[in-house]
Amino acid sequence: MPSAILTRGVSHRVENFTESVIREMTRLAMEYDAINLAQGFPDFAAPAFIKEAAIQAIRDEVNQYSVTWGDPALRQAIAEKYRRFYRMPIDPDRHVTVCCGATEAMISTLIALLNPGDETVIFEPFYENYGPDSILSGAHPRFVPLRGGPAGWNFDPQELAAAFNERTRAIIINTPNNPTGKVFTRSELEIIRDLCVRWDVLAITDEIYEHILYDGRQHIPLATLDGMAERTITISGVSKTFSVTGWRIGWALAPAALANGIRKVHDFLTVGAPAPLQIGAAHAINHGDDYCRNLSAEYELRRRWLVPPLQAAGFRCQWPEGAYYVLAGIEPFLSSAEETDEAFARRLVREIGVAGVPGSSFYHDPRLGRTQIRFCFPKQDATLNAAVERLRRLGAPAPPEAPAPAPRS
Ligand code: GLN
C-alpha cells in the first residue's frame, strides 16, 4: 500500500508536461541498435584543441567551483568573441552568465524574468524545451505558426502582430532554427524588433546554431538591431559549434539589471558550470575563429548527404537554411489514417533501424505535427550513408489491396 506522500505524486507544474521525446528516441535507438538521427549531437570527434585545453585545466587543478556566473577567462573570451564577430559591446563583468548549456541559460532566463500570467510569443514548430520551460516559469505561451513551403518556412507578420498584447513580456526566437532550419532574415528581425519596441517586450534569442549556415547566409543577432540591445537576452554556447554537447557550457548575455536576476537563478539551480570545461571553452573561443568559419562548409557536405536521398526516398522536405535538422513530411509512408507520427517514428526504429523525432514534439497541439518527422545530420558520412540505405528500404506503402472476393455460397 503506497504511502499518502507517494499517492499525492508530483507537483501540478510537473504534471503538465511529459518527458523529452527527443531523449526518449535516443533511448529507443539504443534499444533497437538503430542509427540515431533523433537527438542532435555529433558522432564525430571534437577538435583536439578544445579537448587538450580542458585536460590541461584539470591537470592544472582547475577542479573546484568557478565564480558562479562564469570563470573570468571564459567571460572575457565570450565578450571578445561577440565584439569580433558581431561588434556587440559586452561587459564580461556585468552582462555574461555562464550556464550549464544553452538549455539552462534559457530556463534560468525565463524563471528570472517572467511572472505567472505573463505571456510569451513562440514561433511554432519550436524546440521541444520551450514548452516545459514556459510551464516551469509560469508564463503562458502564444504560438505563431511558421509555415513550410518551397520558399522556406515563413510567418505571417499580421499573425505575429496579433500575438502581442499588454500581457506579453517576451518573445523567444531561435535562429538558425531547430527544427525547421529557418534562418531569420534582417527584414524579419526588423518586424520582430518593431513589435518588441512597440509593446515594450523582451526578446530571448537561442542562437546555439549561429555558426551553421548554408548558401552564404549570415547570422544576425537580434541584439544588434537598433533599439534591441537593452531588451535582448542572447543565448548560445559551445555545444554545437565545437561538438561538445556533453560538456554543458552555454551562456546568457543580458543588460546588467536583467543579468543580475539570471545570475541568481543560475546560482541556486547549479552553482556553476563545470570549471575545467569552462577553461577549455575559453581556449576554443579565443583560438577557434577559423574553425567557426569553416563549420558551415563541413555541414554543407552533410546536408548534401542527407537531403537529396530523403527527397528521393519520398520524404517531403526543404533544404534547411541553417542548423542541422530536416523536418520532413511523412504522408506517403503512413500505413493508415490512424498511424500517428509517433507510431511511424517507432516503426522506423524497429523495422528500418533509423531513429528520428516525431513531429508532434515540436507543436503545442500534437495534431499539428502528425505528418512530420525530424532527422538530424551532425553525423559522419558513413553514418548518414547507412541511414539513407536503410531509409530506401522503407518504400512508399502500396495502395490498399482490392478486397478479397466474397466467399461463394
Ligand atoms: N538540441 C538537440 C536536439 O534538438 C539536443 C536536445 C537535447 O537532448 N538536449 O536534438
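As the structure is a computational prediction, the values presented were derived from the model and not from experiment. Below, each value reflects all heavy atoms present in this structure, side chains not excepted, and no hydrogens, waters or symmetry copies.
The two residues Pro332 and Gly314 have their closest heavy-atom pair at CG-O, 3.4 Å. Here the shortest heavy-atom pairing between Ala163 and Val121 reads O-CG2, 3.9 Å. When all heavy atoms are compared, the tightest approach of Thr232 to Pro255 is O-CD, 3.6 Å. Between Ile285 and Ile78, the shortest heavy-atom contact is CD1-CG1, 4.0 Å. The two residues Thr168 and Val201 make their nearest non-hydrogen contact at O-CG2, 3.3 Å. Nearest heavy-atom pair, Asn177 versus Leu146, reported as atom, atom and distance to 0.1 Å: OD1-CD1, 4.4 Å.
In this structure, Met106 and Ile204 have side chains that are in contact, with non-hydrogen atoms separated by less than 4.5 Å. By the 4.5 Å heavy-atom criterion applied to side chains, Leu202 and Leu258 are counted as neighbours. Using a 4.5 Å heavy-atom cutoff, the side chains of Ile235 and Ile208 are not in contact. Side-chain contact between Thr175 and Glu188: absent, with no pair of heavy atoms (C-beta onward) separated by less than 4.5 Å. Between Ile171 and Phe164, the closest side-chain pair of non-hydrogen atoms falls below 4.5 Å. Between Pro309 and Leu391, every side-chain heavy-atom pair lies at or beyond the 4.5 Å cut-off. Contact annotation: the side chain of Phe126 never approaches that of Ile172 to less than 4.5 Å [non-hydrogen atoms, C-beta and beyond]. Contact check for Thr371 versus Leu334: side-chain heavy atoms found under the 4.5 Å cut-off.
Checked by atom type and distance alone, the side chain of Arg263 pairs as donor or acceptor with a backbone atom of Val96 at under 3.5 Å. For Ser296 (side chain) and His211 (main-chain N/O), a donor-acceptor pair under 3.5 Å exists by modelled atom type. The main-chain N or O of Pro145 is never found under 3.5 Å from a side-chain atom of Glu159 such that the two would form a donor-acceptor pair. The backbone N or O of Arg169 lies less than 3.5 Å from no partner atom in the side chain of Asp118, so there is not a single donor-acceptor pair. Side-chain N or O atoms of Ser137 include one that pairs as donor or acceptor with a backbone N or O of Ser134 at under 3.5 Å. Looking at Asp267, its side chain never comes within 3.5 Å of a backbone N or O of Leu269 through a donor-acceptor pair. Judged by distance alone, with hydrogens and angles left aside, the side-chain atoms of Glu342 form no donor-acceptor pair with the main-chain N or O of Pro358 at under 3.5 Å.
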Kindly determine whether Arg302 and Phe44 satisfy side chain to side chain contact (heavy atoms under 4.5 Å, CB included), including the steps that lead there. CA-CA 12 Å; Arg302 298 184 186 111; Phe44 43 83; 3.5 Å; yes
With side chain to side chain contact (heavy atoms under 4.5 Å, CB included) as the test, would you mind laying out the steps for Arg193 and Leu189 before giving the verdict? CA-CA 6 Å; Arg193 185 268 315 273; Leu189 294 173; over 6 Å; no
Check the pair Asp206, Tyr130 against side chain to side chain contact (heavy atoms under 4.5 Å, CB included), reporting the backbone distance first and the verdict last. CA-CA 10 Å; Asp206 178 348; Tyr130 306 154; 2.7 Å; yes
Worked verdict on Ile249 versus Val244 for side chain to side chain contact (heavy atoms under 4.5 Å, CB included): CA-CA 9 Å; Ile249 304 288; Val244 286; over 6 Å; no
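No more than 12 heavy atoms of other residues, nucleotides or ligands shown are found within 6.0 angstrom of CZ on Arg186. Counting non-hydrogen atoms of other residues, nucleotides and ligands closer than 6.0 Å to CZ of Arg27 gives a total above 12. A 6.0 Å sphere centred on CD of Glu19 holds no more than 12 heavy atoms belonging to other residues, nucleotides or ligands. Residue-environment remark: CG (Asp365) exceeds the threshold of 12 foreign heavy atoms within 6.0 Å.
For Tyr325 and Tyr209, the ring centers sit closer than 6.0 Å to each other. Residues His219 and Phe85 keep their aromatic ring centres 6.0 Å or farther apart.
For the salt bridge (Lys or Arg N to Asp or Glu O under 4.0 Å) with Arg346, the qualifying choice from Glu24, Glu31, Glu339, Glu351 is Glu24, the only one to do so.
Going from atom CZ of Arg94 over to atom CZ of Arg75 covers 12.5 Å, rounded to the nearest 0.5 Å. Atom CD of Glu104 sits about 12.5 Å away from atom CG of Asn129, to the nearest 0.5 Å. Here the CE atom belonging to Met88 is positioned 4.0 Å from the OG1 atom belonging to Thr234, to the nearest 0.5 angstrom.
Residues Thr205 and Glu207 bring a donor and an acceptor atom of their side chains to less than 3.5 Å of each other.
Applying the side chain to side chain donor-acceptor pair (under 3.5 Å) test to pairs two or more places apart or on separate chains, those with a residue in residues 247-256 are Tyr82-Trp251. Residue pairs satisfying the ring-ring contact (aromatic ring centres under 6.0 Å, His included) criterion with at least one member in residues 89-125, sequence neighbours excluded, are listed as follows: Phe123-Phe155, Phe123-Phe184. The stretch residues 37-58 participates, sequence neighbours left out, in these side chain to side chain donor-acceptor pair (under 3.5 Å) pairs: Thr26-Gln39, Asp43-Thr383, Gln56-Asp60. Judged as a ring-ring contact (aromatic ring centres under 6.0 Å, His included), not a single pair has a partner in residues 57-80 (not counting sequence neighbours). The ring-ring contact (aromatic ring centres under 6.0 Å, His included) contacts involving residues 363-382 comprise Phe143-His364, Phe315-Phe375, where partners must be two or more places apart or lie in separate chains.
The side-chain hydrogen bond (donor to acceptor under 3.5 Å, both in side chains) test applied to Ser361 returns no partner, not counting sequence neighbours. Applying the side-chain hydrogen bond (donor to acceptor under 3.5 Å, both in side chains) criterion to Asn115, with sequence neighbours excluded, gives no partner residue. Take His140 and apply the ring pair (Phe, Tyr, Trp, His ring centres under 6.0 Å) test, not counting sequence neighbours, and it matches no residue. A search for side chain to side chain contact (heavy atoms under 4.5 Å, CB included) contacts involving Val349 returns Met25, Leu28, Tyr32, Ala34, Ala355, not counting sequence neighbours. Taking the ring pair (Phe, Tyr, Trp, His ring centres under 6.0 Å) definition, one finds that Tyr299 meets it with Tyr324, sequence neighbours left out. Among residues two or more places apart in sequence or in another chain, the ring pair (Phe, Tyr, Trp, His ring centres under 6.0 Å) test is passed with Phe362 by none. The side chain to side chain contact (heavy atoms under 4.5 Å, CB included) search around Pro366 returns Ser360, not counting sequence neighbours.
Salt bridge absent: Glu128 and Arg374 never bring a charged side-chain N and a carboxylate O closer than 4.0 Å. Salt bridge annotation for Asp200-Arg231: present, with a cationic side-chain nitrogen under 4.0 angstrom from a carboxylate oxygen.
His287 and His283 have tilted rings, their planes meeting at an angle from 30° to 60° on a 0 to 90° scale.
Taking the ring centre of Phe41 as origin, the terminal cationic atom of Lys240 falls outside the region bounded by 6.0 Å and 45° from the ring axis. Cation-pi geometry between Arg303 and Tyr214 is satisfied (NZ or CZ under 6.0 Å from the ring centre, within 45° of the ring normal).
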